[in-house]
Student: 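Let me begin by handing over the structure; questions about it come next.
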Amino acid sequence: MDPKWQRDREQGVDSPIPTQAVSNEEFIPRPQNAQQKQVEYVTGQLAEENAKKLGLDRRAFMATSMGLATAFLAMNRVYGNYWT
């Protein structure tokens, strides 16, 4: 099982919040579920749209506080309004 940073790089994920449990090399985590995949997808779509508006690439956008807010917004859309 790869560390989170390797998995993210391979799959093109730039989320500041993990969307899947990753191995700490002591146990094998559960696979990513459908909601986690959806959060990852929505985060990427929102980041792409908003980064373009600001003249940033997605990775730079996700490294800002706006990236964290985008991840919370994506989770709200998938799981309901928990982070307001």
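The first residue of the sequence shown is numbered 1, and numbering continues consecutively from there.
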Student: Given 3.5 Å as the limit, does a donor-acceptor pair link the side chain of Gln32 with the main chain of Thr19, or not?
Tutor: yes
Student: Could you check whether any side-chain heavy atom of Met62 comes within less than 4.5 Å of a side-chain heavy atom of Thr43, counting everything from C-beta outward?
Tutor: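 Answer yes - side chains close enough.
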Student: Please name the pair of heavy atoms, one in Arg58 and one in Ala47, separated by the smallest distance, quoted to 0.1 Å.
Tutor: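 Scanning both residues completely, I find the closest heavy atoms to be CG-CB, 3.7 Å.
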Student: First locate atom CZ of Arg30, then atom CD of Gln36, and finally report the distance between them rounded to the nearest 0.5 Å.
Tutor: 10.0 Å
Student: Quick check: does any side chain N or O of Glu49 sit under 3.5 Å from a backbone N or O of Leu46, one acting as donor and the other as acceptor?
Tutor: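 Between the backbone of Leu46 and the side chain of Glu49 there is no qualifying donor-acceptor contact (under 3.5 Å).
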Student: Given 3.5 Å as the limit, does a donor-acceptor pair link the side chain of Asp57 with the main chain of Ala51, or not?
Tutor: no
Student: CG/Leu73 to CG/Leu68 distance, rounded to the nearest 0.5 angstrom?
Tutor: 11.5 Å
Student: Quick check: is Val39 connected to Phe72 through a chain of hydrophobic side chains (ILVMFWY, heavy atoms under 4.5 Å apart)?
Tutor: yes
Student: CE of Met66 to NZ of Lys53: how many Å apart, nearest 0.5 Å?
Tutor: 12.0 Å
Student: Give me the atom names and distance for the closest heavy-atom approach of Leu56 to Phe61.
Tutor: CD1-CA, 4.1 Å
Student: If hydrophobic clusters are built by linking Ile, Leu, Val, Met, Phe, Trp and Tyr wherever their side-chain heavy atoms come under 4.5 Å apart, do Ile17 and Tyr79 end up in the same one?
Tutor: yes
